[in-house]
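Down below is the structure, laid out as structure tokens.
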Amino acid sequence: MTEIDTSVPHSARIWNYWLGGKDNYPVDELAGDAYTAVFPGIVTIARSSRAFLGRSIRYLVQEAGVRQFLDVGTGLPTVDNTHEVAQSLAPESKIVYVDNDPLVLAHARALLTSTPEGATAYEDISLFEPEQILRAAAKTLDLTRPTALILSGILGHVADYDGARAIVRRLLEGLPSGSYLCVNDGSRGTDPDYEQAQDAYNETGAVPYFLRPVDRIAAFFDGLDLVDPGVVSVPLWRPDGTAPAPAPIGQHGGLARKP
Ligand SMILES: C[S@@+](CC[C@H](N)C(=O)[O-])C[C@H]1O[C@@H](n2cnc3c(N)ncnc32)[C@H](O)[C@@H]1O
């Protein structure tokens, strides 16, 4: 296992810091504060992204009847983790979490609190190993049945756009018709301060994260049937009235069904 490196900031830990969590180190706090000094809107982005994830899972369980979830790039446990949302609505739901950050692995126990009827598993695998992810997921999920692939805030970590698309394609190939893809990622072209803060973050020695133009995020869904309203700024995706009037931000996402 890779050692936990506390000398450079880490995506999962900074995200946790912005979400109001405690599972982070001074180096993450410093990098997180340097970021918000340039672009305070990142805190809203982190929270809106999690809220989008929660609404998508509710849609998947209640409207699409999905009971299996493959959540790659899980992040540190926080409130409303995928299995908690899914199993609160359908206790028989099964969830496989995948991440490659050693600190996420160290905290994985908090994600393994399944209902007796359902199941949760955690796999320490990189997104760059889609075959291995599918093999590991098949230990817990029945991959002949519809499964939701969740890629929340992770595809921006894949610098090579074509490479990111190929990974998504390969993972979806392993899932049957009636499966879903849920993606949300930071977008370019909404606020120059966001782009400046992200460029500076990418110089810190952390695994870089690249903001993408919205059409590039939308193209991850090519060949799939998008659920209304398509790929939009995440607060505008099926708002449920729990937040104040939703305003567009630089985080775009959507949900689509594999035909
Ligand atoms: C911004 S966080 C998003 C966390 C969570 N999905 C959410 O939406 O709140 C990105 C996550 O992707 C993980 N990650 C980055 N590169 C990865 C890779 N190559 N393989 C697996 N996980 C990766 C990080 O460890 C981190 O937990």
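Throughout, numbering of the chain's residues begins at 1 and tracks the sequence. Indexing begins at 1, ligand by ligand and atom by atom, following the structure's order. As the structure is a prediction and not an experimental result, all values here were calculated from the model.
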Study note, to complete from the structure: Using heavy atoms and a strict 4.0 Å limit, residues surrounding ligand 1 turn out to be Ser11, Ala12, Trp15, Arg50, Gly73, Thr74, Gly75, Asp99, Asn100, Asp101, Ile125, Ser126, Leu127, Phe128, Ser152, Gly153, Ile154, His157
Review point. So how far is it from Arg55 CZ to Asp80 CG, rounded to the nearest 0.5 Å?
Key: 12.0 Å
Practice item. Any chance you could measure Ile57, atom CD1, to Cys182, atom SG, to the nearest 0.5 Å? Key: 7.0 Å
Check your understanding: Are His10 and Tyr25 close enough that a side-chain donor and a side-chain acceptor fall under 3.5 Å?
Key -> no
Review point. So, does Asp101 use its side chain to make a donor-acceptor pair with the main chain of Leu103 at under 3.5 Å?
Key: yes
Which pairs would a plain distance check flag for residues 252-259, meaning a side-chain donor or acceptor within less than 3.5 Å of a matching protein atom at least two apart in sequence or in another chain?
| residue | atom | partner | partner atom | Å |
| --- | --- | --- | --- | --- |
| His252 | ND1 | Ser187 | OG | 2.8 |
| Lys258 | NZ | Leu172 | O | 2.7 |
| Lys258 | NZ | Leu175 | O | 2.6 |

Point to revise | More than 12 heavy atoms from other groups under 6.0 Å of CZ on Arg170 | key: yes
